[in-house]
Amino acid sequence: MAIASPSTPSFSAFFCCKRSESTHLTSFPSTFSTLRTRRLPPRRFAITSRLNSSKPSGAGGSVSPDNGGSEGFEQYELQHGFTGPVERRRRESPVYVTLPADSVAEDGKVRRIKVLTASLRALSTAGVEGVVMEVWWGIVEREKPRVYNWGGYLDLVALARRCGLKVRAVLAFHQCGTGPGDSLWIPLPQWVLEEIDKDPDIAYSDRFGRRNMEYISLGCDMFPVLKGRSPLQTYSDFMINFRDTFRPLLGVVITGVQVGMGPAGELRYPSCPSQKLAQAWRTRELGEFQCYDKYMVASLNACAHDVGMCEWGYRGPMDAGNLMHDPESTDFFKSNGGSWNTPYGKFFLQWYSGMLLLHGERICREAKTIFQGTEVDTAAKVARIHWHYGTQSHPSELTAGYYNTSRRDGYLPIARMFGRYGFGLCCSGFGMRDVEEKQTNPASSPEGFLKQLLLAARVCHIPMEGEISATFLDDESFEQVLKMSRFYSYGLESPSFSFNFMRMDRHLFEQRNWVRFTRFVRQFSGANIFRAGLDFGGDVQPTSMSDVVRVAYTYY
């Protein structure tokens, strides 16, 4: 790592965010250091050491009359068939399947209940361990703050339990879809959008002033911008109410909780819109730094003042090109002489990635406190951004907040942070292969990216959750998943690796795809197919179950 010359101002290994927070101080170690030219008082990120709920843990906000709160759970249990313990099937590497994003409608009711029932029975027969259920903030707390409607999600958990499946809940604090015309459109809660209308800086902004409404800017994590509560308090209240409402099921049916930390639920900045990110490997987008709302600028300015370089605190890099630029034609990202490897570039990227780590740290701390003693596994998700992995500067990773370059490991600090709070790490892209990706983009390396991430998880001894998109239903992709899971688990006495198939739709149950999928489940889990006697007459073969589901999809 380059050392600053005596004439170049340097910055503290512990950098700061000046905020009026009543908190204890927690050190946030830097992963690189520079020589100092002057003595500066060491400053640290301030991070709360207490639960950030706006109410005592036992309160957790109100529950709407029809959502089945914890007080009336016994009555709900009798009405919805929560009878007897769920069958606990032990296996080496369990497979889960993510439910459709719109399984619960805006009014809080389950959609296409007959299709879901047939689908879950088929999954159980195939030996799938459970389902992943996205719990949308924009549905549960849609109309008013602290008024939660869990009804549809209680119904989904009840249905999964009757089918002998476990549930992993994803607490989704982000937007789904591209807009009102999108069939899968789930915005942030209406009352949150009203607050953003009053103060647009609650949303992320790039240097062109374009606002991103997928997730609230982490720059205002600790400020009371949401009707008197901070975003962190709002997330905490939501998690507390979830815990209290589903408490009898935690550790029994609901065995895992993944906490959303950014766009698409991933710990990252919205460097480019999520709907474009899925195809960015084709267009090789660089992304845009999301540091231009007033809260992020204030933090940057404070840190620049602390290192005695005030001119560094007014904006992000102005020589970073644009979304579609060749990184070698930009002054910031180019390999030789790029600003990313100068004292200014290191300062900015350390601050930018550090703010993301601090955001993750705050949420991890809250979640650990809230779910402690419930016997559920907690996890968070990291984005797969690999289309510039073969370059020196890794620009698309830098704009997303991952300070990962040819000279610096940006994923080990994230894994360490998750490890401190007992979090598992989830990432997609396990079915992608370099040999195919490099045909269209020689700089891309999904396998290189995943191997680095998996090594970080191994070093920190944290559980790993792999994901694969529904577009990868061929034998080669499934074999790639097995290959990458072996890379993680090799040599470990007690490997903790599970798999999420993203996501359930009619194509999964097409005969050829279903045969491949059930074969993969057997190979991955290392267990025999579990055959549930679920009103179908005992010994039903997995392949014939897919016929039942296809009929259901046809008529509903």
Does the separation of the ring centres of Tyr269 and Tyr352 fall below 6.0 angstrom?
yes
Go through the steps to decide whether Lys166 and Glu129 satisfy the test salt bridge (charged side-chain N to carboxylate O under 4.0 Å, His left out), and finish with yes or no.
CA-CA 6 Å; Lys166 298 175 184 176; Glu129 182 80 357; 2.7 Å; yes
Using modelled atom types and a 3.5 Å cut-off, is there a donor and acceptor pairing between side-chain atoms of Asn513 and backbone atoms of Arg516?
no
Taking Phe499 as the fixed residue, which of Phe430, Phe520, Tyr488 is the one that meets the ring pair (Phe, Tyr, Trp, His ring centres under 6.0 Å) rule?
Phe520
Could you please spell out the steps behind the side chain to side chain contact (heavy atoms under 4.5 Å, CB included) verdict for Cys427 and Glu465?
CA-CA 7 Å; Cys427 188; Glu465 298 177 14; over 6 Å; no
I need the minimum non-hydrogen distance between Thr405 and Ser393, along with the two atoms involved.
CG2-O, 3.7 Å
If you count every heavy atom of other residues, nucleotides or ligands that lies below 6.0 Å from Glu375 atom CD, does the total exceed 12?
no
Assess whether a salt bridge exists between Glu467 and Arg384, defined as any Lys/Arg side-chain N lying under 4.0 Å from an Asp/Glu carboxylate O.
no
Roughly how far, to the nearest 0.5 Å, is the CD1 atom of Ile254 from the CZ atom of Arg247?
12.0 Å
In short, Ile385 meets Glu397 closest at the heavy-atom pair O-CG, 3.4 Å
May I ask you to decide whether Arg503 forms a salt bridge with Glu134, counting only side-chain N to carboxylate O separations under 4.0 Å?
yes
Go through the steps to decide whether Ser477 and Arg433 satisfy the test side chain to side chain donor-acceptor pair (under 3.5 Å), and finish with yes or no.
CA-CA 8 Å; Ser477 296; Arg433 299 185 296 170; over 6 Å; no
Can we call the ring centroids of Phe449 and Tyr411 under 6.0 Å apart?
yes
Full working for side chain to side chain donor-acceptor pair (under 3.5 Å) between Gln452 and Asn404
CA-CA 10 Å; Gln452 182 180 352; Asn404 189 60; 2.6 Å; yes
Can you name the closest pair of heavy atoms from Val481 and Ile468 and give their distance?
CG2-CD1, 3.7 Å
For Phe501 and Phe517, I'd like to know if the aromatic rings sit close, meaning centre-to-centre distance below 6.0 Å.
yes
Salt bridge (charged side-chain N to carboxylate O under 4.0 Å, His left out) between Arg112 and Asp102, intermediate numbers included:
CA-CA 10 Å; Arg112 303 180 298 274; Asp102 62 344; 3.1 Å; yes
Which is it for Glu328 and Ser335 under the side chain to side chain donor-acceptor pair (under 3.5 Å) test, yes or no, and what are the steps along the way?
CA-CA 7 Å; Glu328 293 302 321; Ser335 299; 2.6 Å; yes
Given the ring of Phe487, does Lys451 sit roughly above its face, with NZ or CZ under 6.0 Å from the centre of the six-membered ring and within 45° of the axis?
yes
Side-chain donor-acceptor pair under 3.5 Å between Ser445 and Asp434, yes or no?
yes
Residue pair Leu116 / Pro100: nearest heavy atoms and the distance that separates them:
CD2-CD, 4.4 Å
Which pair of heavy atoms, one from Gly130 and one from Val128, lies closest together, and at what distance?
O-CG1, 3.2 Å
Evaluate the ring planes of Phe289 and Phe348, with Trp represented by its six-membered ring, and classify them as parallel (under 30°), tilted (30 to 60°) or perpendicular (over 60°).
perpendicular
Proximity of Phe332 and Trp340 rings by center, below 6.0 Å
no
Applying the side-chain contact (heavy atoms from CB on, under 4.5 Å) test to Pro446, which of Met432, Glu436, Gln480 qualifies?
Met432
Working for salt bridge (charged side-chain N to carboxylate O under 4.0 Å, His left out), residues Asp206 and Arg211
CA-CA 7 Å; Asp206 64 16; Arg211 300 284 178 182; over 6 Å; no
Ring pair (Phe, Tyr, Trp, His ring centres under 6.0 Å) with Phe173: which of Tyr215, Phe242, Phe238?
Phe238
What are the two closest heavy atoms between Gly401 and Ser353, and how far apart are they?
O-CB, 3.3 Å
